[in-house]
Enquirer: 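The structure under discussion is supplied below as structure tokens; questions concerning it will follow.
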Amino acid sequence: QWLAFTSSEEGHSEVYIMPAQGGRAERVTFLGQRAQVIGWSPTSHEIIFNSNHEQPFPQVFEIYAVDPNTKHIRNLPTGPGAHIS
């Protein structure tokens, strides 16, 4: 139903969505840093992406999830023993 993609149309690369049937794209993140869509969560309620947002070095990325409806972003746990719910 929805496509999630990365675009740098407005400066830094950010996360966008648009209807799969075509239509207007909507910006979902406003981080001001590089962001790259990885895919959708298993429930398809969140978009998974990586970003160097709030990192001390531009080559350091963390993985995040964003709800396209609320634009709420959360950092996902990574590394040994991490469990993503």
Side-chain angles (χ1 to χ4, degrees):
Q1 181 177 0
W2 293 94
L3 299 175
F5 62 97
T6 304
S7 176
S8 57
E9 181 177 327
E10 299 178 33
H12 291 285
S13 58
E14 299 280 359
V15 176
Y16 288 76
I17 60 169
M18 69 179 290
Q21 299 299 320
R24 185 178 171 96
E26 177 185 349
R27 187 171 169 178
V28 178
T29 61
F30 297 84
L31 301 174
Q33 297 293 325
R34 294 187 340 205
Q36 179 69 43
V37 170
I38 296 170
W40 288 90
S41 67
T43 62
S44 297
H45 291 113
E46 294 178 300
I47 301 164
I48 309 301
F49 69 99
N50 65 21
S51 177
N52 60 352
H53 172 65
E54 296 185 339
Q55 296 303 313
F57 305 103
Q59 68 274 20
V60 176
F61 286 78
E62 291 197 34
I63 299 176
Y64 298 88
V66 60
D67 181 322
N69 297 312
T70 65
K71 314 270 190 300
H72 174 75
I73 296 173
R74 63 187 181 101
N75 188 294
L76 296 179
T78 57
H83 175 71
I84 299 173
S85 56

Enquirer: Please round to the nearest 0.5 Å and tell me the distance separating atom CD1 of I63 and atom OG of S51.
Expert: 11.5 Å

Enquirer: For the NE2 atom of H53 and the NE2 atom of H12, what is their distance to the nearest 0.5 Å?
Expert: 12.0 Å

Enquirer: Take H72 and V66 through the test side chain to side chain contact (heavy atoms under 4.5 Å, CB included) and record every step on the way to the result.
Expert: CA-CA 6 Å; H72 174 75; V66 60; over 6 Å; no

Enquirer: Identify the two heavy atoms, one from K71 and one from E26, that lie closest to each other, and give their separation to 0.1 Å.
Expert: NZ-OE2, 2.6 Å

Enquirer: Holding to ring pair (Phe, Tyr, Trp, His ring centres under 6.0 Å), I want the full list of residues that pass it with F61, two or more places apart in sequence or in another chain.
Expert: none

Enquirer: Sorted by first residue and then second, give each salt bridge (Lys or Arg N to Asp or Glu O under 4.0 Å) pair with at least one member in residues 49-66; sequence neighbours left out.
Expert: none

Enquirer: Please evaluate residues F49 and I73 with respect to the criterion side chain to side chain contact (heavy atoms under 4.5 Å, CB included), reporting the C-alpha separation (whole Å), side-chain torsions for both, the decisive distance (0.1 Å), and the verdict.
Expert: CA-CA 10 Å; F49 69 99; I73 296 173; 4.2 Å; yes

Enquirer: What distance separates N69 CG from I17 CD1, expressed to the nearest 0.5 Å?
Expert: 7.0 Å

Enquirer: Which atom pair, heavy atoms only, marks the closest approach of P68 to V28?
Expert: CA-CG1, 4.0 Å

Enquirer: The criterion is side chain to side chain donor-acceptor pair (under 3.5 Å); which residues satisfy it with H45, sequence neighbours excluded?
Expert: T43

Enquirer: Remaining members of Y16's ILVMFWY cluster at a side-chain heavy-atom cut-off under 4.5 Å?
Expert: L3, F5, M18

Enquirer: Taking only residues two or more places apart in sequence, or in another chain, which ones meet S8 in a side-chain contact (heavy atoms from CB on, under 4.5 Å)?
Expert: S13

Enquirer: Which donor-acceptor pairs under 3.5 Å do side chains of residues 29-40 form with protein atoms, sequence neighbours excluded?
Expert:
residue, atom, partner, partner atom, Å
T29, OG1, E14, OE1, 2.6
T29, OG1, V15, N, 2.9

Enquirer: Return the CD1 to OH distance between I48 and Y64, rounded to the nearest 0.5 Å.
Expert: 13.0 Å

Enquirer: Just jot down the salt bridge (charged side-chain N to carboxylate O under 4.0 Å, His left out) partners of E9, sequence neighbours excluded, or say none.
Expert: none

Enquirer: Is it true that, when you exclude Q59 itself, more than 12 heavy atoms of the residues, nucleotides or ligands shown sit nearer than 6.0 Å to its CD?
Expert: yes

Enquirer: Within a reach of under 6.0 Å around CD of E10, are more than 12 heavy atoms found that belong to other residues, nucleotides or ligands?
Expert: yes

Enquirer: Taking the side chain as everything from C-beta on, heavy atoms only, tell me whether V60 gets closer than 4.5 Å to N52.
Expert: no

